[in-house]
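Below is one structure, written out as structure tokens; comments come after it.
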Number of protein chains: 4
Amino acid sequence: MTDFDHGGSTQTSTGWLSPEDLELVRAHVPIVYVDAVPVRVDALGNVTAVGMLLRVASDGSISRMVVSGRVLFGEKVREALMRHCEKDLGPMALPRVPAEPTPFTVVEYFPNPDRSGFHDPRHHAVSLAYVVPVDGDCEPTQEALDLSWFSPQEAVSPELISQMTGGHDRLIRLALAHVGKLP
Amino acid sequence: MTDFDHGGSTQTSTGWLSPEDLELVRAHVPIVYVDAVPVRVDALGNVTAVGMLLRVASDGSISRMVVSGRVLFGEKVREALMRHCEKDLGPMALPRVPAEPTPFTVVEYFPNPDRSGFHDPRHHAVSLAYVVPVDGDCEPTQEALDLSWFSPQEAVSPELISQMTGGHDRLIRLALAHVGKLP
Amino acid sequence: MTDFDHGGSTQTSTGWLSPEDLELVRAHVPIVYVDAVPVRVDALGNVTAVGMLLRVASDGSISRMVVSGRVLFGEKVREALMRHCEKDLGPMALPRVPAEPTPFTVVEYFPNPDRSGFHDPRHHAVSLAYVVPVDGDCEPTQEALDLSWFSPQEAVSPELISQMTGGHDRLIRLALAHVGKLP
Amino acid sequence: MTDFDHGGSTQTSTGWLSPEDLELVRAHVPIVYVDAVPVRVDALGNVTAVGMLLRVASDGSISRMVVSGRVLFGEKVREALMRHCEKDLGPMALPRVPAEPTPFTVVEYFPNPDRSGFHDPRHHAVSLAYVVPVDGDCEPTQEALDLSWFSPQEAVSPELISQMTGGHDRLIRLALAHVGKLP
């Protein structure tokens, strides 16, 4: 069962959105999204590693990605954040959704790749991006092929950047800057 | 000409959303909104006054409100912020949209008034809220009956709180706290 | 063994500051402080309670207070934050120092109570204030007489406000606003 | 007339700190600083350029730097920010100190260059860093040899990074990330 983050039909609290209705929505309004950058932190709260999924991105390529998905009708942002983290990182990940509702940045994904540098061919999405410390054991679930952890230095390396698409490499840099760990 | 913030039909970059389609969208996905709290600042950046509109709120009451409206398909958040400020405060207001994309809080308006304390009977909206310093002359436009400025102390007084609805009184307190001026 | 947060002599990484030297420092430069507002959060990150110490405040009164203390020479802000949390909340508190270095507000304590609304008769302190989720068991240590937890509603009640001094009641309101839980 | 940011003696609200007393302070407590990254913004608030001074840095080299200096005894953070901006950018710069007291990051300068990546051989400083939009005409004043504006792309180029010291290149990247303009 999938929602329209990665599939063809969409669950809402009031039922399903047909493919036709989904297309109508996507063509007329921006979609509310959340992006979660999973991190490992040490005892003092320093970010020591960034987690990235390997999976089929919105443009069809197999890419390194952060946790990402939409907010459903009637769902709170932090509920969506927890749901997507559990869905992508597995039930034992123990994600710690931040106490403050403020995202570290707002990412605007446009169908036009030149509009903002963040790109999603499917729709215009306004995404609230959070850094989410993860304490437990993560295992890729659903469509993800792999979940790997990278040091801040590795996470901004040309090699890793070349494996990301849609602006997710830049999102990682913004997240590392926010926690003061951008190399 | 109105969009669905305050009217029956909706302009998008690709045309109009019919009332039927609008209902479909509103019933199935959260809508992306921006809220702007207009403020006067002194030479050192201290907030000295908060601006509030008097107009018909989403629940039909005549209320004190901040600038509020949705983000259109294809529109950037800061473009929407500027558009709504100009629409509600007039063309000479000279609003200063912040350099950072991060809102000071995220307000979640639900049709159910008990869900979050922020309420909009028409839909579920996820609103990015910004404090916007305004340097120029403001005059209420369109549906607004009045625009008045209040000191931080007045803005959180029982009298003014009683004139607000949908949680806008709380939004004002969150904004004043963010700028360190909550009494 | 105490530092000059609550005692007469001061430990630094390079040794002790004599009472005379301490007075000289306090009379000439602002002191770097950290304030930590301990909170309980639920599984989704919602703040459910605020912790407050009962102890002798800087003005000599017995007051409700947040965790507060200075940053030592050579010490990182997050090390100071952890040290003061452990000192005041006990070794089993498991405080979670935030991943980001940005405080939710900056509190400026002046010897003159009218300067900013935040007051410390001993010195001018610039304090970085953080919300610190605490998972473990807390027990008041050292000079603290008690540590109690209050709901957001209780934490801003007139009764509790009357038990705070130096502006700590306002600091609590700013913290609750930051996490979206100001009533 | 200089304070100890760039000179040998220090003005405070209560008079001067002798070189001996200054050394004592610097050896025993962290110093409160502010860093201001001057920027040009367009009508929508987008950062289009970053301003950098060319002057003698704390390590003696001639370097590109942001506006930086300490907070005096009795002085508010935003007063210090305004004072240093006016001192370094000239009286016609019209800096816009942010309404919120929260810095975009906290920079910890240590005498030991390996401690945090931010380095000041003279002392341990805890600096509150702000992005400050500047509308007016800037002219380098006092010790500064030059003031130049660079696009975000130029500001993070290897050429410019090689002209910065003490971690100011990294501070620029953190500032650009905060405003969503890190390339």
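In what follows, chains carry the letters A, B, and so on, assigned in the order in which the sequence lines appear, proteins first and then strands, with residues in each chain numbered from 1. All values below were derived from every heavy atom in this structure, side-chain atoms included, with hydrogens, water molecules and symmetry-related copies excluded.
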Side chain, backbone, both or neither: which part of A:V77 has a heavy atom under 4.5 Å from chain B?
both
Minimum heavy-atom distance B:P30-A:F73, with the two atoms named:
CD-N, 3.7 Å
Side chain / backbone / both / neither for B:E100 at chain A, heavy atoms under 4.5 Å:
neither
Decide yes or no for B:V126 and A:V126: does some side-chain heavy atom of the first lie under 4.5 Å from some side-chain heavy atom of the second?
no
From B:L24 atom CG to A:L24 atom CG, the distance as rounded to the nearest 0.5 Å
6.0 Å
Backbone N/O of A:R115 and side chain of B:K76: donor-acceptor pair under 3.5 Å
yes
Kindly check if the number of other-residue, nucleotide or ligand heavy atoms within 6.0 Å of CG (B:D137) is above 12?
no
Over all atoms of both residues, closest heavy-atom pair of A:V106 and B:P103:
CG2-CD, 3.7 Å
Looking only at heavy atoms, which two atoms of A:L72 and B:H124 are closest? And how far apart?
O-CE1, 3.6 Å
Would you say that more than 12 heavy atoms from the other residues, nucleotides or ligands in this model lie under 6.0 Å from the CD of A:Q153, or not?
no
Which atom of B:E108 lies closest to which atom of A:E75, heavy atoms considered:
OE1-O, 4.2 Å
